[in-house]
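By convention in this document, chain letters (A, B, ...) are assigned in the order of the sequence lines, proteins followed by strands, and residues within each chain are numbered from 1. These values consider heavy atoms only, across backbone and side chains, with no hydrogens, waters or symmetry-generated copies.
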Number of protein chains: 2
Amino acid sequence: MADKTICPKFESALNILNKRWTGLIIFQLLEGAQRFSVIEGNIGISGRVLSERLKDLEKQGIVKRNVYDETPVRIEYALTEKGKALEPVLQSIQHWADGWINKDTKSIV
Amino acid sequence: MADKTICPKFESALNILNKRWTGLIIFQLLEGAQRFSVIEGNIGISGRVLSERLKDLEKQGIVKRNVYDETPVRIEYALTEKGKALEPVLQSIQHWADGWINKDTKSIV
DNA sequence: ATACTTAGTTACATAAAGTAAGTTAATATT
DNA sequence: AATATTAACTTACTTTATGTAACTAAGTAT
């Protein structure tokens, strides 16, 4: 691979949304903190990959993992400020989708 | 997979940007029509996958394939109106990246 | 002691992406 | 006439990512 790095920041941002499921995970968390099993059920991701993604997102400072010492233990994943700052990105995707995606054909309007 | 379909249009839009390379391909084409080999070289994608992606994007009405009968044949890929309409999406990603990505650490600002 | 719950992890199977060589068509070169 | 060149792919094969389903750990409750 050549890797011309058009703009390293931009590429690095794209590499986040680029990965399967990250967009939906962030979209879910924009509604508020959620537990592992809730995210899993809501977006239909496999536990294996959700675990992987949440670790990535945490490492990138987009998601925060909060442990509540109840019984059984409750763990919630929430967006950080950096994560919340992605809301306009998802909104612009939504806006584009509203204007250009025909939900029946999944193709040209 | 459960597939709760949060919003079918939104999901379908995400499934485009979601795939590896599509974001960069569209970003490239925002600068104007480009040939296969140029895109390939600029973003460092393999020919096999670029071919696959361009067909997908064409099928979704985001990219138009233009054949110029020169010698050797010249083929250019350009964004359609639907494709150009993605510019604000990429801009919002760029904007987020500028504010939140530290290009050195690739992580928290 | 056994069972239940959440939040994972592990082992294995299938699908997607990377690599490198090959194909096609229209010239241009020797 | 045979060989080479160029762009745009395609094919065969390897590596990586994702899906599936069963399993583990910690802390109760029965």
- Item | Value in whole Å for how far the P atom of C:dA15 lies from CG of B:Asp56 | 17 Å
- Expressed in angstrom and rounded to an integer, what is the separation of A:Ile75 atom CD1 from D:dG27 atom P? 12 Å
- Task: Using only side-chain N and O atoms of B:Lys55, determine if any of them is under 4.0 Å from OP1 or OP2 of D:dT10.
- Result: yes
- Query: Could you state the CG-C1' distance from B:Asn66 to D:dA8, rounded to the nearest angstrom?
  - Reply: 15 Å
- For B:Asp69 and A:Ser51, take the nucleotide of DNA chain C holding the closest heavy atom to each; which residue's nucleotide lies nearer the 5' end? A:Ser51
- Remember a base hit wins even if backbone is also touched, and classify A:Tyr77 as base, sugar-phosphate or nothing at under 4.0 Å, heavy atoms. sugar-phosphate
- Message: Here's a test of your reading of the structure: between B:Arg35 and A:Gly47, which maps to the more 5' nucleotide of DNA chain D?
- Response: B:Arg35
- Message: At less than 4.0 Å, is any side-chain N or O atom of B:Ser46 found next to OP1 or OP2 of C:dA17? Yes or no.
- Response: no
- Message: Without decimals, in angstroms, what is the distance between A:Lys19 NZ and C:dA16 C1'?
- Response: 14 Å
- Item | Proximal nucleotide (of C:dT5, C:dA26, C:dG8) relative to the B:Thr71 side chain | C:dA26
- Taking C:dT27, D:dA8, C:dA7 as options, the one with an atom nearest any side-chain atom of B:Phe36 is D:dA8
- Task: Verify the distance criterion only: is there a donor paired with an acceptor across the side chains of B:Asp98 and B:Gln94 at less than 3.5 Å?
- Result: yes
- Message: Between A:Glu81 and A:Lys84, does any side-chain N to carboxylate O distance fall below 4.0 Å?
- Response: yes
- Query: Under 3.5 Å, side chain of A:Gln28 to main-chain N/O of A:Gln34, donor-acceptor pair present?
  - Reply: no
- Atom CD1 of A:Ile45 and atom P of C:dT9 are separated, to the nearest Å, by 13 Å
- Query: So what does B:Arg48 touch, heavy atoms closer than 4.0 Å: a base, only the sugar-phosphate, or nothing?
  - Reply: base
- Query: Could you give the distance from NZ (A:Lys64) to OH (A:Tyr77), rounded to the nearest 0.5 Å?
  - Reply: 11.5 Å
- Task: Compare the minimum distances between each of D:dT18, C:dT27, D:dA7 and the side chain of A:Trp21, then state the nucleotide with the smallest one.
- Result: D:dT18
- Quick one: B:Glu58 CD to D:dA8 P, roughly how many Å, whole number? 14 Å
- Query: Does a nitrogen or oxygen in the side chain of A:Arg65 sit under 4.0 Å from OP1 or OP2 of C:dA7?
  - Reply: no
- Message: Looking at D:dT6, I'd like to know if its phosphate oxygens (OP1 or OP2) sit under 4.0 Å from a side-chain N or O belonging to B:Arg74.
- Response: no
- Query: DNA chain C: A:Glu76 or B:Arg53, which has the more 5' nearest nucleotide?
  - Reply: A:Glu76
- Atom-to-atom span, CD of B:Glu52 to C1' of D:dT11 - whole angstrom: 13 Å
- Query: For the pair made of CD in B:Glu70 and P in C:dT27, what is the distance, rounded to whole Å?
  - Reply: 12 Å
- Query: Short question: side chain of B:Arg53, backbone of B:Arg20 - any donor-acceptor pair under 3.5 Å?
  - Reply: yes
